[in-house]
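Below is one structure, written out as structure tokens; comments come after it.
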Amino acid sequence: MQPSRDFITALVERHVAEGRYTEIVTRFPPEPNGFLHIGHVKAIALNFGIAAKFGGRCHLRFDDTNPETEDESFVRAIQEDLHWLGYDWGEHLYFAADYFERMYGIAEELVRKGKAYVDSATEEEIREARGSLTEPGRATAYRDREVAENLDLLRRMRAGEFEDGEHVLRAKIDLVSPNMVMRDPVLYRIRHARHYRTGDEWCIYPMYDYAHCLGDAFEGVSHSFCTLEFENNREIYEWVLEAVGFEEPRTHQYEFARLNLDYTVLSKRKLVRLVREGRVSGWDDPRMPTVAAFRRRGVPAEALRSFSGMVGVTKAEARVDVEKLEYAIRDALNGVAPRVMGVLRPLRLIVTTWPEGSEEWLDAPSFPPDVGKEGSRKVPFARELLIEQDDFLVEPPEGYRRLAPGREVRLRYGYVVRYDSHDVDPATGEVTVVRVTHDPASRGGDAKGRPVAGTIHWVSSGHALPAELRLYDRLFNVPDPSDVPEGTDFTVHLNDESLVVIGDARVEPSLADAPSGTRWQFERTGYFWPDPVDSSPERLVLNRVVTLRDRWTRKEGTPRAEKGASLAALTPVGPGPDRGRGERDAARAHDPDLASRMASYREALGLGEGEADLLTGDRATSAFFEGALEVHQQAKSVAAWVINELPREVRGRPLTELPFGPDELGRLVGLVDEGAVSRVAAKKVLAELADRGGDPEVILDRMGLRQVADRGAVFVHVEKVLSNWPAKVEEYQAGKRGLLGFFVGQVVRESGGGADPKVAKAILEERLG
RNA sequence: GGCCCCCUGGUGUAAUGGCAGCACAAUAGCCUUUGGAGCUGUUGGUCCAGGUUCGAAUCCUGGGGGGGCUACCA
């Protein structure tokens, strides 16, 4: 079984196999203006993962081209997060700012080549002249300046002779491009701002579309991965590198879908707002989806990494269930977190049969048997205990397996106790104390074979440590917080109960001796660890990392969240000219020759309208079709091959630049029609033609793909296949008819590609009954 | 005259044109001194319509739906 690969791994694998690059180099390019979040982790895992998988390297490059928002503190925080996540870039730490001089030199070069100009229109004018999604842009008054003037202006821009916004450097590309990004994008802007890294050395700063691709190229990056919203920017990425003259093999950009997580926001803009407006305590507030927050909350780095592996890499915009993240966290913690007992909302439990003032230290294993780890601690048992308020109900619902009047329950690692009586506060109606008797024979929790309703956790009232517990829940009430009613914003969905602080919880005394950084599992409630900022030996403050899975309260009816929409998957390298019907109609309207061909294809050749339409959308296609038709006069089948099979192999190349011509296609189709080659085999031949060209018949013989339609010969293969797959045969005969295709495929493979699948199928049907 | 990208169970994803699989969630049971963990089973899917093909999730066409793009942000 092949391990399944995402489309990016498959792409790089292909490049490696082709020997396209001498080394695989990726990069993670954060802008130092915010903290890393779980969405970045996906990109980080991808970039570092690809580099590691193919023995290459991954750079860390700060994309610091905007002095107004960036800051050294973010540079440090990002590196700290990355290291904590477990990634290392060795000496490959780079800053876009360090390339400013080189980038500027290239800008002058572009000006000299006439590929860039200084535009002195205002920002407003430029925007207006750029047109809109439906209107073409037009030139401003400065587009056709002389090279010398442009150069002079650019130098003076750099020298600081102008105010912010007086001029910009623009690429001279295409003002009517359907891709807005290509309408003469701004390359440099004047900004008299102090840069955290270059200080006051510069007053002009490059834009992303100019700086990013150059940074990649300077560093010898082979694969530049970014998220889907940069799809339109790929064209400018290529334009700049070509204009500058970077030659293959060089970097190219590939896009994948960013991560979206249920019940949270992952846009930097929104996260900044939460911090600025004090909705959270900071970037590392444990409710935030940032790496720093997960770390503070107690989530192990491993959980974040394994989560990234679970979500996959595709081009489909998707929103991942938070349950998946929670699963990854529990999965990482289950095997390593020692079990302890802690009571969140204490209720007094008096063991009336236990002597006053007496205590007993019981042995409690730190892990259940299935975890398979040694170790235990002592827990004190006494007359007055504390249990969870939820674990005693005067009127228990059906299926309740805890303490209730008349019932017995096991105190974990302690004794089986039987209900005796309880008191109620007449004012509030709340239970204030429960009295039970214990069975001395059940010491350690051994119920001696009698059925006990359930097992509950507890602490000794006199020995327990007080602790503040911080219970975190999802920050938002809805799966997609950015989906908001008109006139409001995502903050309306903030969950008021995302943080519940329990000031007076009680935990077993062993917590005082635990090594720092320990994550515990509070049995039956969840995973906790000391808050790294606020906890101290004098005052325990514990964060709940994640709850335990809880089938009981789930059953009680918390409705599962409904899901939002989704989207989706793969990037071919070259853009395929996608012509729609409208475009083909337009082509024919402008070219009477095409129009008359469409008519004659239908009348003289007997093709259907759809076929005739597809073949006459442009001259190259119709010429190709006719060329093939000259060699093999079967319009129907030639048309089918040109329409259905040719495009896949062409992959966006102009038909005139193929390593084979209509002649070869015509002969190939002829061979198919005369039965010399099966369709499957012919497709292989076509692929070979598209790759390297050649003579169809020669390829056919070389690859041993001559059709074997002889019944006897195919029969032999059928027998072989049937005896190779006895289990499949049984399944088929038990009714799994879908397997027929599998057998046909096997027979064709067994024959080396030559067997006629029609014949094979017929024989198989007979043989299998 | 907008351009580009995407659509597989509830969710996230796999499947050289040949057995629609995996994970999370759900559900039933087993096991259990955690209503945890684990184990076993079950439910449920190729957006629609045509076409090509012995055979289509996959190729072609049309339609439907979702997303991105009109910063001197990245």
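So you know, we letter chains A, B, ... as the sequences are listed, proteins then strands, and number each from 1.
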Please answer whether G18(B) and F742(A) are stacked, defined here as ring centres separated by less than 5.5 Å and planes angled under 30°.
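No, F742(A) does not stack on the base of G18(B), since the centre distance and plane angle fail the 5.5 Å and 30° test.
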
Would you say [X] places a side-chain N or O within less than 4.0 Å of OP1 or OP2 belonging to [N]?
{"X": "R127(A)", "N": "A71(B)", "value": "yes"}
{"X": "T65(A)", "N": "A74(B)", "value": "yes"}
{"X": "R749(A)", "N": "U16(B)", "value": "no"}
{"X": "T69(A)", "N": "C73(B)", "value": "no"}
{"X": "R319(A)", "N": "G67(B)", "value": "no"}

Residue pair [X] / [Y], side-chain donor-acceptor N/O under 3.5 Å:
{"X": "H457(A)", "Y": "R339(A)", "answer": "no"}
{"X": "R27(A)", "Y": "S224(A)", "answer": "yes"}
{"X": "T122(A)", "Y": "E124(A)", "answer": "no"}
{"X": "E125(A)", "Y": "Y142(A)", "answer": "no"}

Answer with base, sugar-phosphate or nothing: what part of the nucleic acid does [X] contact at a heavy-atom distance below 4.0 Å?
{"X": "D756(A)", "result": "nothing"}
{"X": "E123(A)", "result": "base"}
{"X": "N33(A)", "result": "nothing"}

Interatomic distance, [X] [atom1] vs [N] [atom2] [rounded to whole Å]:
{"X": "K315(A)", "N": "C4(B)", "atom1": "NZ", "atom2": "P", "result": "13 Å"}
{"X": "N232(A)", "N": "C5(B)", "atom1": "CG", "atom2": "C1'", "result": "8 Å"}
{"X": "D321(A)", "N": "A23(B)", "atom1": "CG", "atom2": "P", "result": "16 Å"}
{"X": "E13(A)", "N": "U16(B)", "atom1": "CD", "atom2": "C1'", "result": "13 Å"}
{"X": "W458(A)", "N": "U34(B)", "atom1": "CH2", "atom2": "C1'", "result": "14 Å"}
{"X": "L764(A)", "N": "C19(B)", "atom1": "CG", "atom2": "P", "result": "14 Å"}
{"X": "N233(A)", "N": "C3(B)", "atom1": "CG", "atom2": "P", "result": "19 Å"}
{"X": "H212(A)", "N": "A74(B)", "atom1": "NE2", "atom2": "P", "result": "11 Å"}

What string of B, S and - do you get for nucleotides 49-58 of chain B 5' to 3' if you count protein non-hydrogen atoms under 4.0 Å?
--BSSB----

The contact string for nucleotides 36-43 of chain B, one letter per nucleotide 5' to 3', using protein heavy atoms under 4.0 Å with B, S and - for base, sugar-phosphate only and none, comes out as BB------

Which nucleotide in [options] has an atom nearest any side-chain atom of [X]:
{"X": "L133(A)", "options": "C3(B), U70(B), C72(B)", "answer": "U70(B)"}
{"X": "V311(A)", "options": "G67(B), G12(B), C72(B)", "answer": "G12(B)"}
{"X": "P136(A)", "options": "C24(B), U34(B), G1(B)", "answer": "G1(B)"}
{"X": "R584(A)", "options": "U34(B), G62(B), C24(B)", "answer": "G62(B)"}
{"X": "V168(A)", "options": "C5(B), G68(B), C72(B)", "answer": "C72(B)"}

Please report the distance separating the C1' of G55(B) from the corresponding atom of A20(B), rounded so that it comes out in whole Å.
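G55(B) and A20(B) have their C1' atoms separated by 15 Å.
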
G12(B) to C47(B) separation - P atoms, rounded to the nearest Å
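So the two P atoms sit 13 Å from each other.
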
Look up atom [atom1] in [X] and atom [atom2] in [Y], then write down how far apart they are to the nearest 0.5 Å.
{"X": "L259(A)", "Y": "R319(A)", "atom1": "CG", "atom2": "CZ", "result": "10.5 Å"}
{"X": "W641(A)", "Y": "Q634(A)", "atom1": "CH2", "atom2": "CD", "result": "14.5 Å"}
{"X": "E255(A)", "Y": "K315(A)", "atom1": "CD", "atom2": "NZ", "result": "5.0 Å"}

Does R401(A) or T122(A) map to a spot on RNA chain B nearer the 5' end, using the closest nucleotide for each?
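Closer to the 5' end of RNA chain B: R401(A).
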
Contact nearer the 5' end of RNA chain B, comparing V176(A) with G131(A):
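Checking each residue's closest nucleotide, the 5'-ward one belongs to V176(A).
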
Would you write out the dot-bracket form of RNA chain B, 5' to 3', with Watson-Crick and G-U pairs under 3.5 Å, [ ] for crossing pairs, | for pairs to other strands and . for unpaired bases?
.((((((..((((....[..)))).(((((.......)))))....(((((..]....))))))))))).....

Counting heavy atoms not belonging to E766(A), are there more than 12 under 6.0 Å from its CD?
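Count over threshold, so yes.
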
Heavy-atom donor-acceptor pair, R191(A) side-chain to C72(B) base, under 3.5 Å
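Yes, the side chain and the base share a sub-3.5 Å donor-acceptor pair.
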
Side-chain donor/acceptor of K324(A) to base of A23(B), under 3.5 Å
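It does, because a donor-acceptor pair links the side chain of K324(A) to the base of A23(B) below 3.5 Å.
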
